[in-house]
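Reviewing the structure listed below.
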There are 2 protein chains.
Amino acid sequence: MQESSIVESKARSNPETPLLGRLRQMIVTGVVQPGDLLAETALAQDFEVSRTPIREALKQLEREGLVEVRARVGTFVRKPTQREIHEMFSLKEAFEGLAAGLLARRGAVPELDQLKENVARSQQAVERGDAELYSQLVHEFHSTLVAGADNRKLSEHYDLLMNQLAYHRIVSQTLSLPGRLQNSKDEHQAIIDAISSKDPLAAELVMRRHVAASSQSAALAAMKEEDEEQPG
Amino acid sequence: MQESSIVESKARSNPETPLLGRLRQMIVTGVVQPGDLLAETALAQDFEVSRTPIREALKQLEREGLVEVRARVGTFVRKPTQREIHEMFSLKEAFEGLAAGLLARRGAVPELDQLKENVARSQQAVERGDAELYSQLVHEFHSTLVAGADNRKLSEHYDLLMNQLAYHRIVSQTLSLPGRLQNSKDEHQAIIDAISSKDPLAAELVMRRHVAASSQSAALAAMKEEDEEQPG
DNA sequence: TTGAACTCTCTTGCATACAAGAACTCTATC
DNA sequence: GATAGAGTTCTTGTATGCAAGAGAGTTCAA
């Protein structure tokens, strides 16, 4: 239905090399953990290519902020600092607020129907207490909304940001917080209402409030994860 | 005083390779024109290195949207489409609006004083009718404001955007439009007032209105340039 | 036991050779 | 004159070899 969009979403002239996508997915989904060494030679053997394309992909990932290349030492999976996470949630709020406003301006488009359907399915997920399905639907809701803004540059920046946040991992943790499920669904409904009434300002405002609320939960979850790793 | 910031501004662990910066500057400042071929071999000879580092830099520039690499054909300086320019100005509005809000929240910081001084100098430039100096001060105003938001992720995204817009070229064209100089300066003053009164919402609103206004002028100038190139 | 120096290994950085393909040019043919 | 085709040339894509440096481990001396 909806493209994954965290891992792959650009519709550019040059389709992304499979290598880059696979490496990025490994990082974003947590197959490799922050601090892990991504050695070019080892990866080259794993993927059965030479170091050259591996190297290009790693350099690209460095620019995306997912890894850190230390000259003549190694390439390591990067972990955003608390400050960076906070900064990125500010950006997320701005991006999605902009998207909501643009979408409201566009009026009735297919994406709006997709959002309505999403909320309907979310309602069922909430009733069944299916947190995992709901988490997936949340991701779909937000990416559909941004896609509906019909602004490719926005999408590019947004995808970049979401990859850095390793968003879906944080979201699934966030939603385990008690009561957050029902709140989140209601907020989604309010967003759709504002968009449907073609009020860009209201749409942006509601959207930003929603992102701010979930950001707070997410930041909390991220901080909690931090504590669990280093209990001392 | 203020770092150029269009060409170089990141304070990352890995300092940017000189090659990348030089190539980027060549594109942003118009030394090489859209459509021009950037052949790896030729550049390697010019810069007296092998193709490998050149290649890395070009790949990076591709990700930044400044060049287009067509496999086995060539790497070409890219020209944003009218649609992309429009999209990017939407993003610019969101970024600078966010920055103004964040800066207002921070209160009295050195950057605020820099902004005040900037407006004072701009006043002089307007009185003297020095459009070039004013153009430079405009650039400085906006980059100081974003820097003042104290959000590195925002700065990264903003720099990326500005490079794609080859912003200063467009600005200098824009400001030649009659009456725009005085208007622009007054708007800058209004932005500072809003920030000084520590009203994030007002600051964001005024900022966004300002960006929207200058965007309209800039888009017009870009369109005009387009027409001049292809008169038929 | 501690510390310093040295060596050894592993990493990325860079240069280069070769492969593959796109596009242009020139020629032959209709 | 127009067009199809082959060949040439230019481009980027990939593999690989070597250089340089960081860092861990070891050894030796105090």
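All figures in this text were calculated on a predicted structure; none of them were measured in a lab. Protein chains get the first letters and strands the later ones, always in sequence-line order, with residue 1 at the start of each.
At the heavy-atom level, A:Leu38 lies under 4.0 Å from the strands shown only through sugar-phosphate atoms. Residue-level contact check: A:Leu58 touches neither bases nor backbone, having no heavy atom under 4.0 Å from any strand.
Under the side chain to side chain donor-acceptor pair (under 3.5 Å) criterion, B:Arg72 pairs with no residue at all, not counting sequence neighbours. Partners of A:Ser122 under the side chain to side chain donor-acceptor pair (under 3.5 Å) rule, at least two apart in sequence or in another chain, are A:Asn118. Partners of A:Phe76 under the ring pair (Phe, Tyr, Trp, His ring centres under 6.0 Å) rule, at least two apart in sequence or in another chain, do not exist in this structure.
Looking at the side chain of B:Ser50, the nearest of the listed nucleotides C:dC14, D:dT11, D:dA15 is C:dC14. The A:Ala39 side chain lies nearest to C:dT12 when the options are C:dA15, D:dT14, C:dT12. When each of C:dT12, D:dT12, C:dA15 is scored by its nearest atom to the side-chain atoms of B:Glu40, the top-ranked nucleotide is D:dT12. With C:dG13, D:dG13, D:dT16 as the choices, the nucleotide that has an atom nearest any side-chain atom of A:Thr52 turns out to be D:dT16. For B:Arg51, the listed nucleotide lying nearest its side chain is D:dG13; candidates were C:dG13, D:dG13, C:dT11.
Put simply, A:Lys59 has a side-chain N or O that comes within less than 4.0 Å of OP1 or OP2 on C:dG13. OP1 or OP2 of C:dT12 lies within a sub-4.0 Å distance of a side-chain N or O belonging to A:Thr75.
If you measure from atom CZ of A:Arg55 to atom C1' of D:dG17, you get 14 Å, rounded to the nearest angstrom. For A:Glu68 and C:dT11, the CD to P distance is 17 Å, given to the nearest whole Å. At whole-Å resolution of the value, CG in B:Asp36 and P in D:dT11 are 14 Å apart. Nucleotide C:dC10 holds its P atom 15 Å from the CZ atom of A:Phe76, rounded to whole Å. To the nearest angstrom, P of C:dT11 lies 10 Å from CG of A:Leu43. Between the CG atom of B:Leu20 and the P atom of C:dG13 there is a distance of 14 Å, given to the nearest Å. The interatomic distance linking A:Leu37 (CG) with C:dT11 (P) rounds to 6 Å, in whole Å. Atom CG of A:Leu19 and atom P of D:dG13 are 13 Å apart (whole Å).
Between A:Val77 and the options A:Val31, A:Leu66, A:Ile27, a side-chain contact (heavy atoms from CB on, under 4.5 Å) holds for only A:Ile27.
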Between side-chain atoms of residues 96-105 of chain A and protein atoms elsewhere (two or more places apart, or another chain), which donor-acceptor pairs fall under 3.5 Å?
residue	atom	partner	partner atom	Å
A:Glu96	OE1	A:His142	ND1	2.6
A:Glu96	OE2	A:Lys92	NZ	3.0
A:Glu96	OE2	A:His142	ND1	3.2
A:Glu96	OE2	A:Tyr158	OH	2.4

Which donor-acceptor pairs under 3.5 Å do the side chains of residues 44-52 of chain B make with protein atoms, sequence neighbours left out?
residue	atom	partner	partner atom	Å
B:Ser50	OG	B:Thr52	N	3.2
B:Arg51	NE	B:Glu40	OE1	2.9
B:Arg51	NH2	B:Glu40	OE1	2.7

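Contact check on A:Arg55 versus B:Glu56 returns a salt bridge, with a Lys/Arg side-chain nitrogen under 4.0 Å from an Asp/Glu carboxylate oxygen.
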If you restrict it to nitrogen or oxygen atoms, what contacts under 3.5 Å exist between nucleotides 22-26 of chain C and the protein, and what is each distance?
residue	atom	partner	partner atom	Å
C:dA23	OP1	B:Arg70	NH2	3.4

